[in-house]
Engineer: 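Okay, here's the structure, questions in a sec.
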Amino acid sequence: MYKDIGCGEVREKDEGKIFRFAGWVHKRRDHGSLIFIDLRDSKGIIQIVFDPSKSVDSHKIALSLRSEWVIEVKGSVKKRIKGAENPNLLTGKIEVIATEIKILNKSKTPPFEVNEDINIDENLRLKYRYLDLRKPKMQKNIKTRHIVTKAIWDFLHEKDFVQIETPILIKSTPEGARDYVVPSRVHQGNFYALPQSPQQMKQVLMVSGFERYFQIARCFRDEDLRADRQPEHTQLDFEMSFVEQDDVLNLVEDLYKYLIRKISPNAEIPEKFPRISFKESMDVYGTDKPDLRFDLKLVDLTDVFSNSDFGVFNKTIDSNGIIKGLVAPGCFSYSRSQISELNQLIVENGGPGVFTLTRTNKKNNDLEVQDIKSAFSKFVNIEKLKESILISKCEEDDLLLICAGSKKIVNQSLSLLRNKIAEDLNLIKTDSFSFAFIVDFPLFEWNLDEEKWDAMHHVFTSPKDEHIKYLDSNPGDIIGQLFDLVCNGVELGSGSIRIHNREIQEKVFNIIGYSSSEVSERFSTILESFEYGAPPHGGMGLGLDRLVAMLVGESSIREVITFPKTQTAFDPLFDTPSLISNQQLTELNLDIHNKE
RNA sequence: GGCCCCGUGGUGUAGUGGUCCAACACGCUGCCCUGUCAAGGCAGAGAUCGGCAGUUCGAAUCUGCUCGGGGUCGCCA
């Protein structure tokens with residue numbers, strides 16, 4: 001070993017001890033005779049003092065040191081002189097008086113400063129990712145990820161889960177996301193695909209009798225990237241046999257409470273994760289991934305505003321639309337430009353625009369038309385206006401925001417406004433993880449473009465037992481045993497109780513419109529396995545990148561992935577993807593046609 | 001594929017038709033300095049302003065195309 005102790009590990013109690021340290025020159029402060037070096041390693045930073053009166057040779061070498069050089073230093077730990085302590089460093093009360101130094105490696109001047117935390121061009125960061133990862137923030141992010149992963153292993157191991165690896169080279173299944181494919185040399189013209197998730201394999205493992213499986217699994221999809229989407233992401237994938245929905249939810253709830261307590265012991269987290277039905281979530285929050293750190297709620301005003309003289313409302317109701325409102329508390333005096341900003345937000349996202357309503361400080365019952373300020377107050381009778389104020393609980397210092405239009409658009413718009421208002425008014429609790437399960441999703445959703453049913457989640461989700469009978473008559477009425485875990489407005493994962501019966505699975509394929517030849521081509525293995533005693537089973541897939549990003553307060557998952565790709569799925573560090581040799585192409589029997 | 005933002009010494013920014021052969025901070029190089037930790041002082045090097053084409057007497061600045069990065073919609077069961 002080159003070192004006896006980590007730079008960040010030394011404390012006052014070590015005074016007088018002689019240690020060897022090794023690490024990188026974080027910062028050099030040269031006072032002529034006296035030279036200070038902040039030495040950094042994976043454990044932190046410590047100040048090394050080079051004093052010519054203590055060691056002439058060491059001081060001479062220290063003169064040549066530059067940022068990011070790798071050095072080994074021997075010296076004695078000493079309490080800093082009074083007034084020279086640095087409260088920003090864990091090692092700030094002590095320092096090391098160097099007696100020996102060895103330069104282990106020099107460094108070119110880095111393309112950006114490792115010891116500073118400023119926004120560098122993403123391309124440059126990724127090209128020099130090895131330097132970027134040296135930054136203390138990135139070190140912390142990646143280590144947090146390790147701690148989370150370790151905690152998952154510990155927790156699930158204690159609960160009798162078995163970690164099982166599944167293949168990366170699997171069969172391509174064209175539904176869902178676009179597959180990454182790998183050509184086969186042995187079977188020319190044939191391709192493997194990289195898994196979008198280990199879904200079918202883990203279900204087969206349940207048929208195999210493992211009962212409790214988990215895997216920290218890499219998942220691939222060839223789709224466009226986002227701040228929270230990379231071509232490959234990691235999910236905690238688990239599956240359990242002989243369980244009902246609540247068994248799965250309770251396990252995940254315990255696991256996530258355990259993880260949060262490990263990483264942020266002081267964070268606020270619900271003792272019991274609320275279970276909110278999909279319908280309620282859409283009605284009350286306008287979205288299936290509500291941010292529950294604040295409790296603004298939408299109110300339905302469709303009935304209240306029916307049969308008015310206001311054209312917009314009537315047209316909306318005639319075309320099966322809805323009218324909903326959201327109270328922005330204390331925003332009575334919002335200026336024209338503030339309201340226009342809200343309006344713009346909605347319009348930019350394809351929404352209809354927003355109506356506002358405010359009222360005077362008279363008692364609700366005494367309100368008259370002139371007490372209510374709104375674009376439509378003259379067209380809606382006073383009783384209905386009062387009722388809308390009563391239902392929405394719009395007080396004198398509040399601002400009622402109203403949207404009218406199709407159900408989808410209104411919910412989407414008000415959900416955006418809900419988040420925006422909360423942010424503007426500082427209603428979002430910090431250091432809080434407001435987890436919830438969204439449950440009772442419909443099993444199918446109608447695909448307007450193709451005029452057919454699509455699976456809401458995936459094709460293996462089981463209907464609620466009492467809804468199985470609708471498979472033949474009303475697929476749209478079926479509620480699935482299907483659930484999402486959401487936290488602070490982010491979907492962290494979803495899961496379901498699966499179908500374990502061949503007939504039901506075939507009916508679902510049928511509703512989605514797969515022909516029997518398609519079904520046997522893609523799903524014959526899992527269907528056949530179901531005929532050999534498949535146990536009832538269910539599980540989840542939970543995004544690890546998003547979870548860790550949330551835990552360390554990052555908005556992009558690139559900050560918690562060691563070697564991520566750019567928005568064009570390119571890796572500037574290793575220059576990937578790249579051409580392959582003609583020999584490789586020949587072996588694979590592939591020709592590249594140059595696109596014009 | 002659509003829309004939006006960004007691209008100026010090594011890094012981050014300012015400059016948005018002539019006052020700019022480009023400014024500031026950090027970094028870098030050299031010198032001075034024994035208590036700094038965003039060290040300080042002095043001196044210096046370093047950029048044809050992402051690329052190409054155009055408009056103009058004149059372009060970092062305006063226009064078109066293009067490349068790269070980011071965000072977002074589509075897409076992502």
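In the text below, chain A, chain B and the rest are named by the order of the sequence lines, each starting its count at 1.
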Engineer: Sort and list the pairs that fulfil side chain to side chain donor-acceptor pair (under 3.5 Å) and have at least one residue in residues 106-120 of chain A, not counting sequence neighbours.
Structural biologist: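 Every candidate side chain to side chain donor-acceptor pair (under 3.5 Å) pair involving residues 106-120 of chain A fails, so no pair, neighbours aside, qualifies.
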Engineer: Could you tell me the Watson-Crick or G-U partner of B:C33, where both distances fall under 3.5 Å? Say none if there is no partner.
Structural biologist: none
Engineer: Mark yes when over 12 heavy atoms from residues, nucleotides or ligands other than A:Lys135 sit less than 6.0 Å from its NZ; otherwise mark no.
Structural biologist: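 Counting other residues, nucleotides and ligands, NZ of A:Lys135 exceeds 12 neighbours.
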Engineer: Heavy-atom distance under 4.5 Å between the side chains of A:Pro572 and A:Thr566, does that happen here?
Structural biologist: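 Heavy-atom side-chain distance check passes, below 4.5 Å.
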Engineer: Return the value, rounded to whole Å, for the distance between atom NZ of A:Lys408 and atom P of B:G74.
Structural biologist: 8 Å
Engineer: Below 3.5 Å, can you tabulate the donor-acceptor pairs from side chains in residues 50-61 of chain A to any protein atom, sequence neighbours excluded?
Structural biologist:
residue, atom, partner, partner atom, Å
A:Asp51, OD1, A:Ser53, N, 2.9
A:Asp51, OD1, A:Ser53, OG, 2.8
A:Asp51, OD2, A:Ser53, OG, 3.3
A:Ser55, OG, A:Ser58, N, 3.2
A:Ser55, OG, A:Ser58, OG, 2.7
A:Ser55, OG, A:Thr99, O, 3.3
A:Ser58, OG, A:Thr99, O, 2.9
A:His59, NE2, A:Gly32, O, 3.4
A:His59, NE2, A:Ser33, O, 2.4

Engineer: B:C75 and B:U8: how far apart are their P atoms, nearest whole angstrom?
Structural biologist: 35 Å
Engineer: Please report the distance separating the C1' of B:G12 from the corresponding atom of B:C73, rounded so that it comes out in whole Å.
Structural biologist: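 B:G12 and B:C73 have their C1' atoms separated by 31 Å.
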Engineer: For the pair made of CD in A:Gln412 and C1' in B:C73, what is the distance, rounded to whole Å?
Structural biologist: 10 Å
Engineer: Between A:Asn88 and A:Leu34, which is nearer to the 5' end of RNA chain B once each is assigned its nearest nucleotide?
Structural biologist: A:Leu34
Engineer: Can you tell me if A:Thr287 and A:Arg418 form a side-chain donor-acceptor pair at under 3.5 Å?
Structural biologist: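 Side-chain D/A pair, A:Thr287 to A:Arg418: absent.
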Engineer: Ignoring hydrogens and angles, answer whether the base of B:U29 and the side-chain atoms of A:Arg66 contain a donor-acceptor pair closer than 3.5 Å.
Structural biologist: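 It does not, because no donor-acceptor pair links the side chain of A:Arg66 to the base of B:U29 below 3.5 Å.
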Engineer: Sorted by first residue and then second, give each salt bridge (charged side-chain N to carboxylate O under 4.0 Å, His left out) pair with at least one member in residues 476-494 of chain A; sequence neighbours left out.
Structural biologist: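 Salt bridge (charged side-chain N to carboxylate O under 4.0 Å, His left out) check on residues 476-494 of chain A returns no pairs.
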Engineer: Could you work out the separation of B:G44 and B:U19 based on their C1' atoms and round it to a whole Å?
Structural biologist: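 Between the two C1' atoms, the distance is 27 Å.
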Engineer: Verify the distance criterion only: is there a donor paired with an acceptor across the side chains of A:Asn141 and A:Glu554 at less than 3.5 Å?
Structural biologist: yes
Engineer: Evaluate whether atom CD of A:Glu445 has more than 12 neighbouring non-hydrogen atoms of other residues, nucleotides or ligands under 6.0 angstrom away.
Structural biologist: yes
Engineer: For nucleotides B:A45 and B:C26, find the distance between their C1' atoms and express it as a whole number of Å.
Structural biologist: 16 Å
Engineer: Under the side-chain hydrogen bond (donor to acceptor under 3.5 Å, both in side chains) test, which residues partner A:Lys27, sequence neighbours left out?
Structural biologist: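 Scan of A:Lys27 (side-chain hydrogen bond (donor to acceptor under 3.5 Å, both in side chains), adjacent residues dropped) gives none.
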Engineer: Name all residues meeting the side-chain hydrogen bond (donor to acceptor under 3.5 Å, both in side chains) criterion together with A:Lys74; count only those two or more places apart in sequence or in a different chain, and write none if there are none.
Structural biologist: none
Engineer: Taking N or O atoms only and anything under 3.5 Å, show me the protein contacts with nucleotides 40-45 of chain B, one pair per line.
Structural biologist:
none

Engineer: Quick check on A:Lys93: does its NZ atom have over 12 non-hydrogen neighbours (other residues, nucleotides or ligands) under 6.0 Å away?
Structural biologist: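 12 or below, so no.
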Engineer: Please give, in whole Å, the distance from B:A38 C1' to A:Asn115 CG?
Structural biologist: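 In whole Å, B:A38 C1' and A:Asn115 CG are 10 Å from each other.
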Engineer: Ignoring hydrogens and geometry beyond distance, is the side chain of A:Glu95 in donor-acceptor contact with the base of B:G35 at under 3.5 Å?
Structural biologist: yes
Engineer: Please list each protein N or O that sits under 3.5 Å from an N or O in nucleotides 23-27 of chain B, with the distance.
Structural biologist:
residue, atom, partner, partner atom, Å
B:C26, O2', A:Glu113, OE1, 2.8
B:C26, O2', A:Glu116, OE1, 3.2
B:C26, O2, A:Glu113, OE2, 3.4
B:G27, O4', A:Glu113, OE2, 3.1

Engineer: Distance between the P atoms of B:A47 and B:C24, in whole angstroms?
Structural biologist: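 Here B:A47 and B:C24 have their P atoms 16 Å from each other.
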Engineer: Given the P atoms of B:G7 and B:G15, what is the spacing between them in whole Å?
Structural biologist: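 10 Å, rounded to whole Å.
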Engineer: Can you name the residues that form a ring pair (Phe, Tyr, Trp, His ring centres under 6.0 Å) with A:Phe278, not counting sequence neighbours?
Structural biologist: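 Per chain and number, A:Phe278 pairs via ring pair (Phe, Tyr, Trp, His ring centres under 6.0 Å) with A:Phe441.
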Engineer: Using a cut-off of 6.0 Å, state whether more than 12 heavy atoms not belonging to A:Lys565 lie near its atom NZ.
Structural biologist: yes
Engineer: Could you run through nucleotides 66-72 of chain B and give me one letter per nucleotide, 5' to 3': B if any protein heavy atom sits under 4.0 Å from the base, S if only the sugar-phosphate is that close, - if neither?
Structural biologist: --SSBBB
Engineer: Distance check, C1' atoms only: B:U72 and B:C49, in whole angstrom units.
Structural biologist: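 Nearest-Å result for B:U72 against B:C49 at atom C1': 29 Å.
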Engineer: Mind running a 4.0 Å heavy-atom check of residues 512-522 of chain A against RNA chain B and sending the residues that fall below it, in number order?
Structural biologist: none
Engineer: Restricting to pairs with a member in residues 116-138 of chain A, which pass ring pair (Phe, Tyr, Trp, His ring centres under 6.0 Å), not counting sequence neighbours?
Structural biologist: none
Engineer: Taking only residues two or more places apart in sequence or in another chain, which ones pass salt bridge (Lys or Arg N to Asp or Glu O under 4.0 Å) with A:Glu528?
Structural biologist: none
Engineer: Using the P atom as the reference point in each nucleotide, state the distance between B:C31 and B:U16 in Å, no decimals.
Structural biologist: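 B:C31 and B:U16 have their P atoms separated by 40 Å.
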Engineer: Please give, in whole Å, the distance from B:C37 C1' to A:Ile94 CD1?
Structural biologist: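 In whole Å, B:C37 C1' lies 14 Å from A:Ile94 CD1.
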Engineer: Does A:Arg229 make a side-chain donor-acceptor contact with the base of B:C75, cut-off 3.5 Å?
Structural biologist: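 Checked by distance alone, the answer is yes.
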Engineer: Rounded to whole angstrom units, what separation is found between the CD1 atom of A:Ile118 and the P atom of B:G10?
Structural biologist: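 My rounded result for the distance is 15 Å.
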Engineer: Which residue lies toward the 5' end of RNA chain B, A:Ser53 or A:Asp38, if each is placed at its nearest nucleotide?
Structural biologist: A:Ser53
Engineer: Report yes or no: is there a donor-acceptor pair, N or O only, under 3.5 Å between the side chain of A:Arg28 and the base of B:C37?
Structural biologist: no
